[in-house]
S.K.: 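Quick one: this structure, given as structure tokens, is what I'll be asking you about.
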Amino acid sequence: MSAEQKIQDFETWDDVVLYDVCAEAWTRLDGWLINAERKARAAGDGAQADAWRRESFALADERREITATDRQAQAAAIVRWNERRAEIDAGAGPKAAAA
């Protein structure tokens with residue numbers, strides 16, 4: 001299923017439900033990032049821990065750009081953030097973020 005088809009699945013959702021699901025998708029992904037940062041730091045890999053932290057901060061910046069009335073951005077973020085969480089579960093490392 002394409003990202004566009006996934007986004008269309010959200011079209012019938014109530015505004016409040018969509019916003020809540022978006023917030024939850026962000027919270028879950030940020031939790032994954034924080035957990036990965038902590039694991040890297042515990043393993044003594046400060047550079048990787050810092051990379052995970054930068055990705056977490058970049059995610060927070062991205063989240064702040066999504067307004068409560070922008071349904072399209074919320075739906076796209078849900079898909080994107082769930083996909084990123086799955087990548088991390090599959091063993092992907094931190095995404096490059098500006099230092």
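What you see is a predicted model, and the numbers here were worked out from it, not measured in a lab. Side chains are part of it too, since the values below use all heavy atoms of this structure and drop only hydrogens, waters and symmetry mates.
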S.K.: Atom CD1 of Ile88 and atom CD of Glu83: how far apart are they, to the nearest 0.5 Å?
M.R.: 12.5 Å

S.K.: Can you find a side-chain donor-acceptor pair between Trp52 and Asn35 that sits under 3.5 Å?
M.R.: no

S.K.: Find the distance between CD (Gln74) and CZ (Phe10) and round it off to the nearest 0.5 Å.
M.R.: 10.0 Å

S.K.: How long is the span from the CH2 atom in Trp26 to the CD1 atom in Ile66, to the nearest 0.5 Å?
M.R.: 11.0 Å

S.K.: Measure the CG-CZ distance between Asp50 and Arg54 for me, rounded to the nearest 0.5 Å.
M.R.: 6.0 Å

S.K.: Can a donor-acceptor pair be found, under 3.5 Å and without considering hydrogens, that links the side chain of Arg53 to the backbone of Leu33?
M.R.: no

S.K.: To the nearest 0.5 Å, how far apart are CZ in Arg41 and CG in Asp45?
M.R.: 9.5 Å

S.K.: Walk me through it: do Leu18 and Ile78 pass the test side-chain contact (heavy atoms from CB on, under 4.5 Å)?
M.R.: CA-CA 9 Å; Leu18 181 62; Ile78 291 166; 3.7 Å; yes

S.K.: Can you confirm whether more than 12 heavy atoms, excluding those of Gln72, are under 6.0 Å from its CD atom?
M.R.: no

S.K.: What is the minimum heavy-atom distance between Leu59 and Trp81, and which atoms define it?
M.R.: CD1-NE1, 3.3 Å

S.K.: Taking Arg63 for its side chain and Ala77 for its backbone only, find out whether a donor-acceptor pair lies under 3.5 Å.
M.R.: no

S.K.: Considering all heavy atoms of both residues, which atom of Ala51 and which atom of Pro94 are nearest to each other, and what is their separation?
M.R.: CB-CG, 3.6 Å

S.K.: One pair to check against side-chain contact (heavy atoms from CB on, under 4.5 Å): Arg38 and Ile34. What are the steps and the verdict?
M.R.: CA-CA 6 Å; Arg38 289 177 178 165; Ile34 291 167; 3.6 Å; yes

S.K.: Show your working on side-chain hydrogen bond (donor to acceptor under 3.5 Å, both in side chains) between Asp89 and Trp32 and close with a plain yes or no.
M.R.: CA-CA 9 Å; Asp89 281 343; Trp32 260 245; 2.6 Å; yes

S.K.: What's the spacing between Asp9 CG and Glu11 CD if we round to 0.5 Å?
M.R.: 8.5 Å

S.K.: Taking the side chain as every heavy atom from C-beta outward, state whether Asn82 and Leu29 have any atom pair closer than 4.5 Å.
M.R.: no

S.K.: Specify the closest pair of heavy atoms between Gln48 and Gly93, including all atoms of both residues, with the distance to one decimal.
M.R.: NE2-CA, 4.4 Å

S.K.: Indicate the atoms forming the closest heavy-atom contact of Glu55 with Arg84, along with that distance.
M.R.: OE2-NE, 2.7 Å

